[in-house]
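Report on one structure; see the data block that follows.
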Amino acid sequence: MLKKLRSGLSSQKDVQRRAELYRKLLRHEAQIGGELFGPVQPGGRREFFCLDTHTWVWHEEWIDQNGQHQYTTTRYDMRPGGVVKSQNGQYRPVTPQEARNLLNAIRMYRQRVTSELYAFAA
Amino acid sequence: MSVAMHDGAKEVLSLGNDPEHVGQAGIARIDTAWQVAEGSISALLTWQGEPLEVPESPEVQQYAQQRQDFVPVTAGVGESARYAQDQTAQAEHLAAAEAAVNAVEFVAADVPMAETHAPAPAKIIKPTTTIPYDSMNAVNAFVSNQGSAN
């Protein structure tokens, strides 16, 4: 009984540890992804990352002219028939140029994250 | 490729909890995500009458060659890879996806042009070049018809 309980707790801890590790890796990926588009203004923050195999996220924060904190979160859902984009919760169309930009950004992301973050496992 | 080890890689290695497996899972997720994105964007452009024509750099071709024999290792990624290859599943989801895309078009029709087509002309750029310190420009450039990637 005690053995089972210990085993269960150990397994649970392992799952939690893996989840935490996954979150940490995503944060590092997001940091690398945020560097793909050039510098960020002081007080701003930019993240671009692969949330899962079908979802890409761009998060941008900045201080506007009135000193107000602003943000935009853009989410691209990859579907078999196309791309569904939502920005701050609202659906938006994806132009052909944006689609190409996105593909290029993903290509650069893949190159950099694999060679910098996961080089030890490649 | 000689690149300094990223802090994230150091962190993973320092945890000592099967880092190679974790790293391979990360690579598999991104590899699959790349393939899925290429398929989705290609489908989108074809649907819009603009077939995908993005030349691959030698570095990308070399990278693809290196990764040619890579097999996804985690269950989750494996499922996604199988999904991507499963033509039947794709056919079943196609109608739903098209409906979703059409719904987006419907929503977009109610949004003023100024909001859907941001005006700032800028470019997606490589890390070695610079853009003005304007975060909104970067976002707008990405969605702008005038933006371009190099």
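Each chain gets a letter, A, B and so on, in the order the sequences are listed, and its residues count up from 1.
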Starting at CG of L44(B), measure out to NZ of K85(A) and round the result to the nearest 0.5 Å.
-> 11.0 Å
Shortest non-hydrogen separation from W56(A) to A37(B) and the atoms involved = NE1-CB, 4.2 Å
Do W47(B) and V83(A) share a hydrophobic cluster (ILVMFWY, side-chain heavy atoms under 4.5 Å, transitive)?
-> yes
Are the side chain of R110(A) and the backbone N or O of I27(B) linked by a donor-acceptor pair below 3.5 Å?
-> no
Taking only residues two or more places apart in sequence or in another chain, which ones pass side-chain contact (heavy atoms from CB on, under 4.5 Å) with N88(A)?
-> Y71(A), T72(A), T73(A)
With sequence neighbours excluded, tell me which residues meet side-chain contact (heavy atoms from CB on, under 4.5 Å) with D52(A).
-> H54(A), T55(A)
Report the distance from atom CG of N101(A) to atom CD1 of I41(B), rounding to the nearest 0.5 Å.
-> 9.5 Å
Is the backbone N or O of T53(A) less than 3.5 Å from a side-chain atom of T32(B), with the two atoms forming a donor-acceptor pair by type?
-> no
Could you grab the distance from atom CZ of R29(B) to atom CG of L25(A), nearest 0.5 Å is fine?
-> 7.5 Å
Between atom CH2 of W34(B) and atom CG of L103(A), what is the distance when rounded to the nearest 0.5 Å?
-> 4.5 Å
Check whether any side-chain heavy atom of E38(B) lies under 4.5 Å from a side-chain heavy atom of I106(A), and answer yes or no.
-> no
For the student: nearest non-hydrogen atoms of A43(B) and G82(A), plus distance | CB-N, 4.1 Å
